[in-house]
Amino acid sequence: MMGTLSYVVFFVTVASLFAIATLGLNLQWGFSGQFNAGVVGFMAIGAYTYAALTAPAQHEHVGGLDWPVIAAVAAAMAVTALVALAIGLVTIRLRTDYLALATFGIAAAINHLALNLEGITGGGRGIAGIAKPFADLPPLWFGLAFLALATGALLAVYLLLERLVRSPWGRALRAVREDEVAAAALGKDVDRMRLTAFVIGAAPMGLSGALYAAFIGYVSPYDFLAILTFQIWAMLIVGGSGNNAGAVLGSFVVWALWSLSGIVVVLIVPTKLQVQGGAIQAILIGLLLVAMLIFRPRGLMGERLHSSPLLRDDAAVRH
């Protein structure tokens, strides 16, 4: 019973952390149409920033700064946003496939830097001893306390982004996504809006990475491989881009499929073949994506249709 409860707590915590990153991607892609294929890179920046600020000093990497957890998390988000700003300024003119290739390459470069800058990141050994909030509590109580922290952060990000996309700025952002030329003709600064959405969307990814490092207490380059970007994108597509509630739902659905398929692989696949059997997880997610694109292309919770209040009033008068 206790083991089941511990696993459920772990599952919901990790799903919540993924959901935070998926919400950031939803702002970038679902609301502004920017194809960010480097999600994992921004998560890695958040995680390593948090680790550098809270881990003890060791000769393998920088550390020993002893920042409070909350301050380190805030700094991780700020650093991620600053890096996103720099990347956004360089790639501001890129669209669709070109932006995807650029962000994928940047994420790969970040991973290689984490692997090779041993004096800063610890290289392949990673960084251990990262500060964990509630670390003095017994394991189950630690899990429950961190679950509350993760779900609280998820709720805060969700409410903030909901308020943002329902504002006039959010409506203008959707207009830019649909037709940049028309939006520019109406006086909207398209490049600035796209850049702002890119930077704001990257901040939750940094938050997700920082909280992941705080939850596990360890970070390495192998935690932030390209497959993680695939997972986050799958979560958004399954849930429904352009809908924040759908992004959260998709995160839990895809993580449930990934976790359960991993358990099945361990149970039924011979030990010698379990490394190869791990590919079954990616295959199942791929099949789920294909099924969603065929039968529910807008996802489980598609984007809500919006119309002008003037049009709604006119329709009411006609009826």
Side-chain angles (χ1 to χ4, degrees), residues 10-11 13-22 24-25 36-56 58-63 72-73 76 79-80 83 103-132 146 150 202 204-235 251 254-255 257-259 261-263 265-266 269 271-286:
F10 174 83
F11 169 85
T13 299
V14 175
S16 298
L17 299 183
F18 283 150
I20 292 172
T22 308
L25 178 62
N36 179 8
V39 177
V40 69
F42 295 112
M43 295 177 68
I45 291 170
Y48 273 101
T49 300
Y50 178 86
L53 294 174
T54 64
Q58 298 180 19
H59 68 277
E60 297 94 347
H61 58 78
V62 297
V73 170
V79 171
T80 306
V83 172
T103 51
F104 180 82
I106 290 168
I110 291 171
N111 185 269
H112 282 288
L113 287 173
L115 192 60
N116 290 284
L117 295 177
E118 296 187 6
I120 300 175
T121 65
R125 293 185 298 273
I127 301 177
I130 299 172
K132 300 173 68 172
F146 204 99
M205 299 174 189
L207 172 61
S208 175
L211 291 178
Y212 173 83
F215 181 54
I216 303 300
Y218 171 80
V219 66
S220 82
Y222 305 108
D223 293 323
F224 301 101
L225 301 176
I227 188 66
L228 185 53
T229 293
F230 167 72
Q231 288 177 301
I232 300 297
W233 266 100
M235 291 169 179
S251 300
V254 172
W255 182 239
L257 179 59
W258 185 273
S259 300
S261 60
I263 294 173
V265 167
V266 171
V269 176
T271 304
K272 294 181 179 180
L273 300 177
Q274 283 186 4
V275 174
Q276 293 81 359
I280 294 175
Q281 294 173 286
I283 293 172
L284 289 176
I285 299 300

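Hydrogens, waters and symmetry mates are skipped; everything else that's a heavy atom, side chains included, is used.
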Value rounded to 0.5 Å, distance of [atom1] in [X] from [atom2] in [Y]:
{"X": "M235", "Y": "F230", "atom1": "CE", "atom2": "CZ", "answer": "10.5 Å"}
{"X": "Y50", "Y": "L211", "atom1": "OH", "atom2": "CG", "answer": "8.0 Å"}
{"X": "Q281", "Y": "I283", "atom1": "CD", "atom2": "CD1", "answer": "10.5 Å"}
{"X": "S261", "Y": "I285", "atom1": "OG", "atom2": "CD1", "answer": "6.5 Å"}
{"X": "L25", "Y": "I232", "atom1": "CG", "atom2": "CD1", "answer": "8.0 Å"}
{"X": "L117", "Y": "I110", "atom1": "CG", "atom2": "CD1", "answer": "11.5 Å"}

Considering only distance and modelled atom types, tabulate donor-acceptor pairs under 3.5 Å from the side chains of residues 213-229, sequence neighbours left out.
unit_1: Y218; atom_1: OH; unit_2: R125; atom_2: O; d: 2.7
unit_1: S220; atom_1: OG; unit_2: Y222; atom_2: N; d: 3.3
unit_1: D223; atom_1: OD2; unit_2: S220; atom_2: N; d: 3.0
unit_1: T229; atom_1: OG1; unit_2: V40; atom_2: N; d: 3.1

Shortest non-hydrogen contact from [X] to [Y]?
{"X": "A76", "Y": "G206", "value": "CB-O, 4.5 Å"}
{"X": "L17", "Y": "A150", "value": "CD2-CB, 4.0 Å"}
{"X": "A282", "Y": "W258", "value": "N-CZ3, 3.8 Å"}
{"X": "S208", "Y": "M43", "value": "OG-CE, 3.4 Å"}
{"X": "S251", "Y": "A15", "value": "CB-O, 4.1 Å"}
{"X": "A107", "Y": "G38", "value": "CB-CA, 3.6 Å"}

Is the shortest side-chain heavy-atom distance between I45 and V79 below 4.5 Å?
yes
Would you indicate whether the side-chain heavy atoms of L113 and T121 approach each other to under 4.5 Å?
no
Test item: T103 side-chain N/O and N36 main-chain N/O as donor-acceptor pair under 3.5 Å
no
Quick check against the 3.5 Å criterion: does Y48 have a side-chain atom that pairs as donor or acceptor with the backbone of G209?
no
